[in-house]
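For reference, the structure discussed in these notes is given below.
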Number of protein chains: 2
Amino acid sequence: MPKKSADLISAIQDTADQALDQRVLLSLVGYNLKRAYLSIMPVFEKRMAKYELRPVDFTVLSLLKANPNIQQKRLSAAINVSPPNLATLLDKLEGRHLIQRQRNPLDKRSQTLVLTEDGARLCDKAEKTASDLEIAASNKLTVAERAELIRLLQKIA
Amino acid sequence: MPKKSADLISAIQDTADQALDQRVLLSLVGYNLKRAYLSIMPVFEKRMAKYELRPVDFTVLSLLKANPNIQQKRLSAAINVSPPNLATLLDKLEGRHLIQRQRNPLDKRSQTLVLTEDGARLCDKAEKTASDLEIAASNKLTVAERAELIRLLQKIA
DNA sequence: TATTGTTATACTCTATAACTATA
DNA sequence: TATAGTTATAGAGTATAACAATA
């Protein structure tokens, strides 16, 4: 509801001085999730960039380490990346000799995935970096709070 | 580390039967944040789509309601949308007569933003929808847990 | 010269349709 | 006919550079 002249000027001055009122948005879980995510991810991305890994690449390597010989289909569902997009992602990792696709002898349509030795080495380093970072990134929380946060997040998802 | 023939077959069968091991990833706050976010946002987006609002459009309307006559610069910083992207976003909202840009008489470079009457009405409805949804979306949490989750998320951000 | 906001554009991410090879 | 994976492509979201108007 637009104002005119003097009213507008004083309204602008008032608004500029005040702290931003975000009470409604900050009462919503989704808004807080996004803010928290945006505040911690840039650091993580920066660290992973040293290994030329995006967060999703790290996720794939770490899942392959823990689940060798997993099928692409299952990986795709687990990490919420569509089969077409996963295919190109895996092309890149395979091109860097970090993973290997193996035709499944039981069903030649499907492929199973494993880390190469290079991939396993890189994954170990990246996981170490991630867990180091985890401590630094959540230094605003106590150990108990961090555990509680993770528990609540897993309850939602 | 690729296997051959019989070994591979039994490895594949084992992997296919087992639950996916995500322990490393699930120990990281960032991974859990993303999973929680992805699990609650589709519902929110669907509801907001009825008002032809994306989450970020809702955020802008709600912030303008609570902070009339805010400058674009400040809004841009608050919601993490770059000035060029905010400009086109505001173009669309202004084209729908939901908001209005006003040249700041104190500094003609800047513009301040307000909701129109239509915008205020739509924002009220959308905020009502959001808070209704909030209860349904976080029904896996108790009231106390939800409050604690929000508190911890705000500590991180 | 610096700042606010805009335009134009490029880059990344995500989503969809159509194809292959196997079953 | 159905499924796993791929290719190609389109769309949304995000980032950057160059510009106009004002300070």
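Residue numbering restarts at 1 for every chain, and letters A, B, ... go by the order of the sequence lines.
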Between D:dA4 and A:Asn104, counting only base atoms on the nucleotide and side-chain atoms on the residue, is there a donor-acceptor pair under 3.5 Å?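 Check fails, no donor-acceptor contact within cut-off.
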
Quick one: [atom1] on [X] to [atom2] on [Y], what's the gap to the nearest 0.5 Å?
X: B:Ser76; Y: B:Leu90; atom1: OG; atom2: CG; value: 9.5 Å
X: A:Phe44; Y: A:Glu134; atom1: CZ; atom2: CD; value: 8.5 Å
X: B:Leu152; Y: B:Glu148; atom1: CG; atom2: CD; value: 4.5 Å
X: B:Leu33; Y: A:Leu149; atom1: CG; atom2: CG; value: 6.0 Å
X: A:Lys108; Y: A:Arg103; atom1: NZ; atom2: CZ; value: 10.5 Å

Minimum-distance nucleotide (side-chain atoms of [X] versus [options]):
X: A:Arg101; options: D:dA2, D:dT22, D:dT6; result: D:dT6
X: B:Ser82; options: D:dA4, D:dA23, D:dT16; result: D:dT16
X: B:Arg54; options: D:dA2, D:dG13, D:dG5; result: D:dG13

Let me know the distance between [atom1] of [X] and [atom2] of [N], rounded to the nearest Å.
X: A:Gln71; N: D:dG5; atom1: CD; atom2: C1'; answer: 11 Å
X: A:Leu75; N: D:dA4; atom1: CG; atom2: C1'; answer: 13 Å
X: A:Asn69; N: D:dA4; atom1: CG; atom2: C1'; answer: 17 Å
X: B:Leu106; N: D:dA23; atom1: CG; atom2: P; answer: 10 Å
X: B:Asn85; N: D:dA15; atom1: CG; atom2: C1'; answer: 7 Å
X: A:Leu86; N: D:dG5; atom1: CG; atom2: P; answer: 9 Å
X: A:Lys92; N: D:dT6; atom1: NZ; atom2: P; answer: 14 Å
X: A:Leu89; N: D:dT6; atom1: CG; atom2: C1'; answer: 14 Å

For A:Asp107 and A:Asp91, find the nucleotide of DNA chain D closest to each by heavy atoms; which residue's nucleotide sits nearer the 5' end?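 It is A:Asp107 whose nearest nucleotide is closer to the 5' end.
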
Tell me which of A:Thr88 and B:Arg109 sits closer to the 5' end of DNA chain D, going by the nucleotide each one is nearest to. A:Thr88

Closest non-hydrogen atom pair between B:Asp118 and B:His97, with its separation: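 For B:Asp118 versus B:His97, the nearest heavy atoms are CB-O, 3.7 Å.
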
Heavy atoms of chain A, cut-off under 4.0 Å: which first and last nucleotide of DNA chain C, 5' to 3', fall inside that, if you could look? C:dC13 to C:dA23

Just to confirm, is there a sub-4.0 Å distance from OP1 or OP2 of D:dT6 to any side-chain nitrogen or oxygen of A:Gln72? yes

Run the ring-centre check on B:Phe58 versus B:Tyr51 and record whether the distance is less than 6.0 Å. no

